[in-house]
Structures are given as structure tokens and as C-alpha cells.
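Note sheet for the following structure.
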Amino acid sequence: MKPKSAVIILHIIVILLAYSAPFWLDWRLVIAGVIVYYIQIFTIGGCVLSHAQFEDKKQSFHEWYLHKIGFTVNRTILNVILRYVTPPALVGLALAFQVLLSIKVIVSP
């Protein structure tokens with residue numbers, strides 16, 4: 001397996017874990033994950049895996065993948081969604097699922 005292939009697979013795994021986190025990870029840990037995500041975004045200017053995968057340091061995995069399957073996206077709009085809509089939505093989903101609906105998750109502190 002080529003090094004870039006390993007980064008792609010790791011990227012997919014991390015994204016799937018992040019997007020499914022409200023259903024298996026305690027909401028407080030989801031918030032901690034979002035904070036770590038924002039620290040990485042604001043300190044290095046993007047995702048460490050994207051920096052490892054792409055020469056264009058402003059490109060995201062989502063943009064790359066959508067382009068790969070035939071979609072053209074506006075990078076600015078996509079980045080706003082990925083940085084400022086998706087993380088709060090994941091926290092809100094975790095809170096709704098776990099606190100409002102009292103659903104127990106697999107990983108709790």
C-alpha cells in the first residue's frame with residue numbers, strides 16, 4: 001500500500017468515526033473532539049491528514065473526494081460548512097440523542 005493510500009484510508013476512517021460519534025461517543029467527548037478539531041484548524045490552518053495528503057494545503061478531503069466522484073464544489077462554501085456548520089451540528093445531534101432522548105452510548109467518560 002502506498003503512503004498516500006494509507007492516509008486516504010485513515011482519513012476515511014477518521015471522518016466516519018467523527019460523523020457517527022453522536023451515536024456511540026458521550027456528548028462531552030464529542031465536544032472535546034470538536035475543540036481538538038478547531039485547535040488544529042486554527043493552529044496549522046487545516047487538517048493534519050489533508051496537509052499530509054495534498055500539496056494544496058487549502059484543499060480538504062471532502063473537496064478532493066467530491067471532485068473525484070464528479071462534483072465541482074465551491075471551496076469557500078464547503079469550508080464554511082465543514083468548519084462552522086458540521087461541528088456544532090454533531091454536538092447538537094449528540095445532545096439531542098443522548099440528553100433529550102436519554103439514549104446510552106458505548107463510550108462514556
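Predicted model, so just to flag it, every value in this text is computed and none were measured.
Side chains of Ser60 and Trp64: a donor-acceptor N/O pair is absent below 3.5 angstrom, by distance only.
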Check: Are Val105 and Phe23 close enough, and set up right, to give a side-chain contact (heavy atoms from CB on, under 4.5 Å), and what steps lead you there?
Finding: CA-CA 6 Å; Val105 292; Phe23 305 106; over 6 Å; no

Checklist line | CA sep, side-chain torsions, deciding dist, call: His67, Thr72, side-chain contact (heavy atoms from CB on, under 4.5 Å) | finding: CA-CA 6 Å; His67 182 2; Thr72 302; 5.5 Å; no

Item checked: Evaluation steps, side-chain contact (heavy atoms from CB on, under 4.5 Å), between Leu78 and His62 -> CA-CA 8 Å; Leu78 180 62; His62 293 80; 4.2 Å; yes

Next item on the list: Go through Thr86 and Tyr19 one step at a time and tell me if the side-chain contact (heavy atoms from CB on, under 4.5 Å) criterion holds.
Entry: CA-CA 9 Å; Thr86 303; Tyr19 287 167; 3.6 Å; yes

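The CG atom of Asp26 sits 12.5 Å away from atom CD1 of Ile106, with the distance rounded to the nearest 0.5 Å. Interatomic distance, Asn74 CG to Asn79 CG, rounded to the nearest 0.5 Å: 9.0 Å. Here the CZ atom belonging to Phe97 is positioned 13.5 Å from the CG atom belonging to Leu90, to the nearest 0.5 angstrom.
With salt bridges taken as basic N to acidic carboxylate O contacts below 4.0 Å, none links Lys58 and Asp56.
Side-chain contact between Ser50 and His11 is present, with at least one heavy-atom pair separated by less than 4.5 Å. Side-chain contact between Leu17 and Trp24 is present, with heavy atoms from C-beta onward closer than 4.5 Å.
Looking only at distances, no side-chain donor or acceptor of Gln53 sits under 3.5 Å from a matching main-chain atom of Ile8. Remark: side-chain polar atoms of Tyr38 are not paired, donor with acceptor, to backbone N or O of Pro87 under 3.5 angstrom. Counting only distance, with no hydrogens or angles, the side chain of Gln98 and the backbone of Pro22 share a donor-acceptor pair below 3.5 Å.
Residue Leu82 is not grouped with residue Leu93 when hydrophobic side chains (ILVMFWY) are merged at heavy-atom distances under 4.5 angstrom, including chains of intermediate members. Ile103 and Val107 are assigned to two separate hydrophobic clusters, defined by single-linkage of ILVMFWY side chains at heavy-atom distances under 4.5 Å. Phe61 and Val36 are not part of a single hydrophobic cluster, where members link through side-chain heavy atoms under 4.5 Å apart. Cluster membership for Val99 and Val34, using ILVMFWY side-chain heavy atoms within less than 4.5 angstrom, is shared. Val14 and Ile81 sit in two unconnected hydrophobic clusters of ILVMFWY residues. Membership requires side-chain heavy atoms under 4.5 Å apart, directly or through other members.
The 12-atom threshold is exceeded at CZ of Phe42, counting heavy atoms of other residues, nucleotides or ligands nearer than 6.0 Å.
Closest approach of Ile41 to Cys47, counting heavy atoms only: CD1-N, 4.0 Å.
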